[in-house]
Amino acid sequence: MLIAKSKRLRQIVGLAETMSVLSFRLWLSRPAAIRTWPGLCYRQFVSLAKKDLWQSRELEELFPDIQSMDVRIPFSPGRGIITDPDELVSVAVITKARKPQRMFEIGTFRGRTTRILAMNSGASAVVYTLDLPPNERDQFRQCVSDADNAIIANSETGADYRGTPEEAKIKQLFGNSMEFDFSPFENQMDMVIVDGAHHYEAAKKDSVNAIRMVSKGGWVLWHDFANYGDYADVTRAVLDTVPSNEVIQIGRTQYAAWVKP
C-alpha cells in the first residue's frame, strides 16, 4: 500500500495498519501530525524486521569494521523542513566511512546536507550540488505538490554553507534536473544524493541520472524514502529503478541507499 498511487488511499490504509491508542491521542492533539505517523511506524517495523519490500541496516551493520568515528553536524533552522538528527548523522557517517572524493547532490535547498558532505569528506573532495535557478522557481512551483511548493518558497540556495570554510569544496550548479545535462558527470561520482522534486516523473528521472553518474562501488542515497504522504512517489521511483532487494533503508530514517555493482 505504501507505493499505491492514490495519496488518500495510502494514508487511510496506512493509518488503519498502524492504528493504536497513541495514534488516536496524536489525532486528537495534533491532527496535522497524524499524516506522518504511518511512515514512522512502517520504517520502525522494517528496521526491526530487517526486511519487507526492501532490507534495513543500521550504520554499524553497514560498516562493522569501524569502532568509533568523529563526525561533524552543523545546526541550522530548518526553514520549513524538520529533519531528524539521525538522518543528518547517517549522511555524515556514510560520508566519513566511504571517503568519497567526488559527490553530486540533486536538490540543494539551503545547503545543510551539502555542508555535511563537505565537512565529513577529505580536504581534496568536491561536492557538486544542483538547484533550481531563481528565475525558474515561480514557474516550477505550478507543477509540483503543495509540499514541494512550500519548500521552494522557503528555499535560499546555499545559505547554510555560504561563508563557511566548507564553501571552498562546494561547486554550486543551477538548472532543472528534468532538463540538466548530467553527461559530463557519468560514471564519475563516488556518491550521489537524490533530494530534488518529489513527484514521480522528477524522482524517477533523478534516480536514473544518479545511477548513471555514480561509479562502480559508489553509493546513491535517496531522501524522503518510505513516506506515505506527498513524497511516496520517491519510493515508487526508487523501486522502479533498482531491484527492491538491493535497496537498503538506513535504520529508521527516510534515507535509502543503493550500491552500484
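Position 1 is the first residue of the sequence; numbering continues from there. Only this structure's heavy atoms are used, side chains among them; waters, hydrogens and symmetry mates stay out.
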query: Side chains of Q172 and T108: do they bring a donor and an acceptor to under 3.5 Å?
result: yes
- prompt: Is there a path of hydrophobic side-chain contacts, each under 4.5 Å between heavy atoms of I, L, V, M, F, W or Y residues, that connects V208 with W222?
  reply: no
- request: Report the C-alpha distance between I94 and W219 in whole Å, list the side-chain angles of each, state the deciding distance to 0.1 Å, and finish with yes or no for side-chain contact (heavy atoms from CB on, under 4.5 Å).
  value: CA-CA 9 Å; I94 293 170; W219 285 49; 3.9 Å; yes
field: Gap separating the OG1 atom of T95 from the CD1 atom of I116, nearest 0.5 angstrom
entry: 8.5 Å
task: Calculate, to the nearest 0.5 Å, the distance between atoms CZ and CZ belonging to F225 and R43 respectively.
output: 10.0 Å
Distance-only side-chain donor-acceptor flag, T241 / K204, under 3.5 Å: yes
- line: To the nearest 0.5 Å, atom CD of E58 lies from atom OG of S47 at 6.0 Å
message: Using a strict threshold of under 4.0 Å (side-chain N to carboxylate O), is an ion pair present between E156 and R110?
response: yes
query: Would you say K51 and S56 make side-chain contact, with heavy atoms under 4.5 Å?
result: no
query: Going by distance alone, is a donor N or O of one side chain under 3.5 Å from an acceptor N or O of the other, for N245 and Q55?
result: no
task: Measure the shortest side-chain to side-chain distance between F63 and R98 over non-hydrogen atoms and say whether it is less than 4.5 angstrom.
output: yes
query: Under 3.5 Å, is there a donor-acceptor pair linking the side chains of E105 and T114?
result: yes
task: Indicate the atoms forming the closest heavy-atom contact of P133 with G175, along with that distance.
output: CD-N, 3.6 Å
field: D84 (side chain) donor-acceptor with T253 (main chain) under 3.5 angstrom
entry: no
- request: Compare all side-chain heavy atoms of I193 with those of I106 and state whether any distance is below 4.5 angstrom.
  value: no
message: So W37 and M19, do their side chains get closer than 4.5 Å, heavy atoms only?
response: no
field: Note: E246-K260 ion pair, threshold 4.0 Å (strictly below)
entry: no
- prompt: Centroid-to-centroid, F104 to F182, below 6.0 Å?
  reply: yes
Exceeds 12 heavy-atom contacts within 6.0 angstrom, atom NZ of K50: yes
task: Go through the side-chain N and O atoms of S121 and K169 and say whether any donor and acceptor fall under 3.5 Å apart.
output: yes
message: What's the separation between atom CZ in F174 and atom OG1 in T129, rounded to the nearest 0.5 Å?
response: 9.0 Å
task: Answer yes or no: is there a donor N or O on one side and an acceptor on the other, between the side chain of R162 and the main chain of T157, under 3.5 Å?
output: yes
message: For the CD1 atom of I248 and the CD atom of E61, what is their distance to the nearest 0.5 Å?
response: 10.0 Å
message: Given M213, which partner from the list M191, M103, M189, Q188 fulfils the side chain to side chain contact (heavy atoms under 4.5 Å, CB included) test?
response: M189
query: Out of curiosity, does F185 fall in the hydrophobic cluster containing I211 (side-chain heavy atoms, cut-off under 4.5 Å, transitive links)?
result: yes
message: Checking side-chain polar atoms at under 3.5 Å, does D240 have a donor or acceptor matched by the opposite partner on Y200?
response: yes
message: How close do A203 and D233 get, counting heavy atoms only, and between which atoms?
response: CB-O, 4.3 Å
message: Quick one about Q254 and H223 (side-chain donor to acceptor, distance below 3.5 Å, no hydrogens or angles considered), yes or no?
response: no
message: Could you check whether any side-chain N or O of K96 sits under 3.5 Å from a backbone N or O of V71, counting only pairs where one atom can act as donor and the other as acceptor?
response: no
Donor-acceptor contact below 3.5 Å, side chain S215 vs main chain G218: no
- prompt: Got S23 and S20 here, is their nearest side-chain heavy-atom distance under 4.5 Å?
  reply: yes
- request: Any chance you could lay out the side-chain contact (heavy atoms from CB on, under 4.5 Å) test for L22 and L26, step after step, and finish with the verdict?
  value: CA-CA 6 Å; L22 289 178; L26 181 63; over 6 Å; no
Approximate separation, where rounding is to 0.5 Å, of L239 CG and S207 OG: 9.5 Å
field: D52 side chain to W54 backbone, donor-acceptor under 3.5 Å
entry: no
message: Within the structure provided, determine whether R115 and E167 are in side-chain contact (heavy-atom separation under 4.5 Å).
response: no
- request: On the 0 to 90° scale, with breaks at 30° and 60°, tag the H198-Y231 ring pair as parallel, tilted or perpendicular.
  value: parallel
message: Check for me, please, whether I250 and I66 land in the same ILVMFWY cluster - side-chain distances under 4.5 Å, paths through other members count.
response: yes
- prompt: Hey, quick one: are L62 and W258 part of the same hydrophobic cluster, counting side-chain heavy atoms closer than 4.5 Å, chains of contacts allowed?
  reply: no
Q249 side-chain N/O to G251 backbone N/O, donor-acceptor pair under 3.5 Å: yes
- prompt: Considering only heavy atoms from C-beta outward, does the side chain of V247 approach that of V238 to under 4.5 Å?
  reply: yes
query: Between D160 and P74, is any pair of side-chain heavy atoms under 4.5 Å apart?
result: no
field: Minimum-distance pair of heavy atoms, taken over all atoms of D181 and P184
entry: O-CD, 3.5 Å
message: Let me check something: do Y128 and V192 share a hydrophobic cluster, defined by ILVMFWY side-chain heavy atoms less than 4.5 Å apart, either directly or through other members?
response: yes
message: side-chain contact (heavy atoms from CB on, under 4.5 Å), that's the test. Do V91 and L117 meet it? Break it down for me.
response: CA-CA 7 Å; V91 174; L117 296 172; 3.8 Å; yes
message: Is it true that D206 and S177 share a donor-acceptor pair across their side chains at a distance under 3.5 Å?
response: yes
Residues R252, E87; criterion salt bridge (charged side-chain N to carboxylate O under 4.0 Å, His left out); working and verdict: CA-CA 9 Å; R252 293 164 291 179; E87 298 184 351; over 6 Å; no
- prompt: Is there a donor-acceptor pair under 3.5 Å between the side chain of D190 and the backbone N or O of Q101?
  reply: yes
Stepwise side-chain contact (heavy atoms from CB on, under 4.5 Å) test for M69 and V93: CA-CA 8 Å; M69 177 184 291; V93 169; 4.1 Å; yes
